[in-house]
2 protein chains.
Amino acid sequence: MARYRVGIETRERILSATRRLLSEVGIEGVTLKAITDQASVGAGSFYNLFGSKEEAVFEVVREAIEAVDPDPEGVGTDTLADLVDAFVTFMTDSSPIARIYLQLAVGRGLTDPAIAHRVVRSHQRRVERFADAWLREDPSLSEQEATRRAEVMLASLTGLGLSALLDETFDMRAHARELVPGARSTTEG
Amino acid sequence: MARYRVGIETRERILSATRRLLSEVGIEGVTLKAITDQASVGAGSFYNLFGSKEEAVFEVVREAIEAVDPDPEGVGTDTLADLVDAFVTFMTDSSPIARIYLQLAVGRGLTDPAIAHRVVRSHQRRVERFADAWLREDPSLSEQEATRRAEVMLASLTGLGLSALLDETFDMRAHARELVPGARSTTEG
DNA sequence: TCCATCTTTGAGTGTACGCTACATTTCATC
DNA sequence: GATGAAATGTAGCGTACACTCAAAGATGGA
């Protein structure tokens, strides 16, 4: 499937339409008709390239989950402030993808154990990364304590991100900055 | 509508069935047939008492949201620890309803501005309540600073709650306890 | 007991959905 | 330009859903 140039382009138009619909209308608004209309493609073409509607949705969602992770190259070197900053940027600048991610994690993850598992796994990877940064920040910490702090910090960031997505006037960056030790009450941009 | 005794009883059977379905099958499993079967009622009876399926679902969720707040009579007296405890209890003990609440707040709020507004409003009321508690805990705080801390605290609780709902092994209460100043590292139950 | 009013029933309506069948057109290769 | 594979558009299938309606039954004040 999708061996020729046009087929590949069509596939991308479909994914793009699906992504857009997911972020703007939510998972309930993603009907086959909506996708094919948005992509200017017939239903037959769709099923020539994807096995089911879910398959296209999953593809988009998979990309969204991966996009949460900040700059994979920086593993083991970035500071807490870097990680927090990357998370905030993801939530505010890439808000359509962030919306999809949260909608998926909450909307489907809470009922579908398979999705819940995926979300939890990627969450744990992020916790490890934050815990490492905590240890670098304060080497006297026990590994357990670092993990605990990472867990709370990520939970806070997720909650703040949720507020930001629901309320456009919410200044997520300012609040998030307060989570980083040593950065308290600084007003620098 | 529902002026006679039987009508009132039917209404309650329907709400009860809806509540049960919401918590056991999730919002997607709540079909009219499921509700009316579960309540042993014809579709016509349902529409004699409710204007739409959404109306019944909303009623159940509204009741659930009210249950989040600990003892509304105690406004202005409960401590931070009380408030945190009530939130944790809601998330862990009433987890089916908490699931629905989060699913609705996030799943719908992210796409429907009207719902987003409702969620933000009820969130702000809770923030005020937490801010008051912060001020009582530490009267030297400015109102602004108290609100800021309340905001972050609630975000953290929401995030931790999400983790708890996604991952059954997650100990939300232990993590939440660390958010309350002065409670650090205590292990008392 | 009567009877106006409230309540229940469930077959039926319209609609939206995911998906398929298939005839037609476009594409890459020779 | 002939060929076969790939890609496309459309009409429509079956299903599931929320919701309606007319007729029958239950209720309770007089």
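Just so it is clear, the structure is predicted and the values come from calculations on it, not from any experiment. Naming: A, B, ... by sequence-line order, numbering from 1 per chain.
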Of F46(B) and Y4(B), the one whose nearest nucleotide on DNA chain D sits closer to the 5' end is F46(B)
Has S52(A) got a side-chain N or O lying under 4.0 Å from the OP1 or OP2 atom of dG18(C)?
no
Can you tell me how far C1' of dT8(D) sits from CZ of F50(A), to the nearest Å?
15 Å
Grab the CD-P distance between E12(B) and dT7(C) for me, whole Å please.
14 Å
Pairing residues for D171(B) by the side-chain hydrogen bond (donor to acceptor under 3.5 Å, both in side chains) criterion, not counting sequence neighbours
none
Validation: residues 22-32 of chain B side-chain donor-acceptor distances under 3.5 Å, sequence neighbours left out:
{"residue": "S23(B)", "atom": "OG", "partner": "R19(B)", "partner atom": "O", "Å": "3.4"}
{"residue": "S23(B)", "atom": "OG", "partner": "R20(B)", "partner atom": "O", "Å": "3.0"}
{"residue": "T31(B)", "atom": "OG1", "partner": "A34(B)", "partner atom": "N", "Å": "3.0"}

Rounded distance (Å) that lies between atom C1' of dT26(C) and atom CD of E9(A)
13 Å
If the condition is ring pair (Phe, Tyr, Trp, His ring centres under 6.0 Å), which residues does H175(B) pass it with, not counting sequence neighbours?
F170(B)
For D132(B), what residues pass the side-chain hydrogen bond (donor to acceptor under 3.5 Å, both in side chains) criterion, not counting sequence neighbours?
none
Of the candidate nucleotides dA11(C), dT7(C), dA18(D), which contains the atom at the shortest distance from the side chain of K53(B)?
dA18(D)
Kindly write out the residues that satisfy salt bridge (charged side-chain N to carboxylate O under 4.0 Å, His left out) with E137(A), not counting sequence neighbours, or none if the list is empty.
none
Residue T10(B), side-chain heavy atoms: nucleotide from dC19(C), dT8(C), dG28(D) that is nearest:
dT8(C)
Within the structure provided, determine whether L80(A) and R136(A) are in side-chain contact (heavy-atom separation under 4.5 Å).
no
Within the structure, does a side-chain N or O atom of S45(A) lie under 4.0 Å from either OP1 or OP2 of dA7(D)?
no
Atom CG of D37(B) to atom P of dT9(C): distance rounded to whole Å?
12 Å
Nucleotide nearest V41(B) when distance is taken to its side chain, options dT20(C), dC27(C), dT9(C)
dT9(C)
To the nearest Å, how far apart are I14(B) CD1 and dT7(C) P?
12 Å
Considering only dC19(D), dT8(C), dC19(C), which nucleotide approaches the side chain of L49(B) most closely?
dT8(C)
Checking E145(B) side chain against L141(B) main chain: does a donor-acceptor pair fall under 3.5 Å?
no
5' priority, DNA chain D, between Y47(B) and G42(A) [closest heavy atom]:
G42(A)
May I ask you to list the residues of residues 15-33 of chain B, by number, that have any heavy atom positioned under 4.0 Å from an atom of DNA chain D?
V30(B), T31(B), L32(B)
Within this structure, what is the CG-to-C1' distance between N48(A) and dC22(C), rounded to whole angstrom?
13 Å
How many whole angstroms separate atom CD1 of I8(A) from atom P of dC27(C)?
14 Å
